[in-house]
Visitor: 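Could you have a look at this structure, given as structure tokens, before my questions?
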Amino acid sequence: QVQLVESGGGSVQAGGSLRLSCAGSGYIYSRTCMGWFRQAPGKEREGVAAIYTGSRWTIYADSVKGRFTIFSDNAANTLYLQMNSLKPEDTAMYYCAAQSSGACAVTLVAGRYNSWGQGTQVTVSS
């Protein structure tokens, strides 16, 4: 059974930093595509960053390039999202996702991911 458990959300002032974590289990963590997504109230879910854990190949949404970093600790089966220079518009529920079976693609398209965590709230105040 695939499980993804996020942690690390919270409230921070604009310009601050947060690090999100996602512990994965129930699949071959070290050779899969994983991503971080976010959804603000009244808005569609959007891809933030994605990675192939086997090579550390990464992609980012334009809105977070240079501020967010996605990285993986394969020994700990844990995915991270380091978020710096946070802005109020980064406020959202953040979700970890995995393509836990079959061939995968490093993509920000939510429909390609078949396993999701429960989400962790990030709130950035001005």
Side-chain angles (χ1 to χ4, degrees):
Q1 181 181 358
V2 176
Q3 283 194 318
L4 299 171
V5 180
E6 301 103 330
S7 61
S11 296
V12 65
Q13 289 192 325
S17 298
L18 283 173
R19 178 178 290 185
L20 306 183
S21 300
C22 172
S25 62
Y27 62 102
I28 304 174
Y29 178 93
S30 62
R31 295 195 300 275
T32 193
C33 300
M34 299 188 69
W36 287 99
F37 292 77
R38 65 187 182 187
Q39 188 167 19
K43 294 188 176 182
E44 293 187 355
R45 187 169 298 190
E46 65 168 335
V48 174
I51 186 171
Y52 176 60
T53 58
S55 66
R56 270 80 168 184
W57 178 262
T58 59
I59 60 172
Y60 295 91
D62 288 343
S63 58
V64 306
K65 279 181 183 176
R67 299 189 299 122
F68 290 11
T69 302
I70 185 172
F71 61 101
S72 176
D73 181 347
N74 288 359
N77 283 10
T78 302
L79 182 72
Y80 298 95
L81 184 69
Q82 177 67 41
M83 305 185 294
N84 299 329
S85 302
L86 282 161
K87 304 175 181 180
E89 51 263 43
D90 294 319
T91 295
M93 185 73 78
Y94 282 72
Y95 298 89
C96 168
Q99 299 174 37
S100 55
S101 61
C104 74
V106 181
T107 178
L108 298 180
V109 176
R112 288 298 304 266
Y113 293 81
N114 61 345
S115 299
W116 292 82
Q118 81 288 352
T120 186
Q121 178 67 38
V122 171
T123 302
V124 184
S125 58
S126 57

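The first residue of the sequence shown is numbered 1, and numbering continues consecutively from there. What you see is a predicted model; the values in this text were computed from it and never measured.
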Visitor: Between atom CG of L86 and atom OG of S11, what is the distance when rounded to the nearest 0.5 Å?
Guide: 11.0 Å
Visitor: Output the distance between atom CG (N74) and atom CD1 (I28), rounded to the nearest 0.5 Å.
Guide: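 CD1 of I28 is found 12.5 Å from CG of N74.
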Visitor: If I compare all heavy atoms of P88 with all of S125, which pair ends up nearest, and what's the gap?
Guide: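 Answer, listing the atom of P88 first, then S125: CG-C, 4.5 Å.
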Visitor: Begin with the C-alpha distance, continue with both residues' side-chain angles, and end with the deciding distance and a verdict on side-chain contact (heavy atoms from CB on, under 4.5 Å) for V48 and L108.
Guide: CA-CA 7 Å; V48 174; L108 298 180; 5.9 Å; no
Visitor: In Å and rounded to the nearest 0.5 Å, what is the CD to NZ distance from E89 to K43?
Guide: 8.5 Å
Visitor: With side-chain contact (heavy atoms from CB on, under 4.5 Å) as the criterion, how do Y27 and S115 come out once you've worked through the C-alpha distance, each side chain's angles and the decisive distance to 0.1 Å?
Guide: CA-CA 10 Å; Y27 62 102; S115 299; over 6 Å; no
Visitor: Going through the distances and angles, do Y29 and S72 end up as a side-chain contact (heavy atoms from CB on, under 4.5 Å)?
Guide: CA-CA 10 Å; Y29 178 93; S72 176; 2.7 Å; yes
Visitor: If the condition is side chain to side chain contact (heavy atoms under 4.5 Å, CB included), which residues does T91 pass it with, not counting sequence neighbours?
Guide: Q121, T123, V124
Visitor: For a quick check under 3.5 Å, do N77 and S25 share a side-chain donor-acceptor pair by atom type?
Guide: no
Visitor: To the nearest 0.5 Å, how far apart are CG in L18 and CZ in F68?
Guide: 9.0 Å
Visitor: Which residues pass the side chain to side chain contact (heavy atoms under 4.5 Å, CB included) test with Q82, not counting sequence neighbours?
Guide: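 Q82 satisfies side chain to side chain contact (heavy atoms under 4.5 Å, CB included) with S17, R19, T69, F71, N84 once adjacent residues are dropped.
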Visitor: Using a 3.5 Å distance criterion without hydrogens, assess whether the side chain of R45 forms a donor-acceptor pair with backbone atoms of R38.
Guide: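 Checked: no pair found.
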Visitor: Applying side-chain hydrogen bond (donor to acceptor under 3.5 Å, both in side chains), can you list everything that pairs with Y95, at least two apart in sequence or on another chain?
Guide: none
Visitor: Once you round to the nearest 0.5 Å, how far does SG of C96 lie from CG of L20?
Guide: 9.5 Å
Visitor: According to side-chain hydrogen bond (donor to acceptor under 3.5 Å, both in side chains), who are the partners of S21, at least two apart in sequence or on a separate chain?
Guide: none
Visitor: Do T78 side-chain atoms and A76 backbone N/O form a donor-acceptor pair below 3.5 Å?
Guide: yes
Visitor: Ignoring hydrogens and geometry, is there a side-chain-to-backbone donor-acceptor pair from Y113 to T107 under 3.5 Å?
Guide: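 Looks like yes, one N/O pair under 3.5 Å.
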Visitor: By side chain to side chain contact (heavy atoms under 4.5 Å, CB included), which residues pair with K65, not counting sequence neighbours?
Guide: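 So K65 forms a side chain to side chain contact (heavy atoms under 4.5 Å, CB included) with Y60, D62.
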Visitor: As an exercise, state the distance from CD1 of I51 to CZ of R56, rounded to the nearest 0.5 Å.
Guide: 7.0 Å
Visitor: I'd like a table of donor-acceptor pairs (distance under 3.5 Å, sequence neighbours excluded) in which one partner is a side-chain atom from residues 30-37, with atom names and distances.
Guide:
from: T32; atom 1: OG1; to: Q99; atom 2: O; distance (Å): 2.5
from: W36; atom 1: NE1; to: Y80; atom 2: O; distance (Å): 3.2

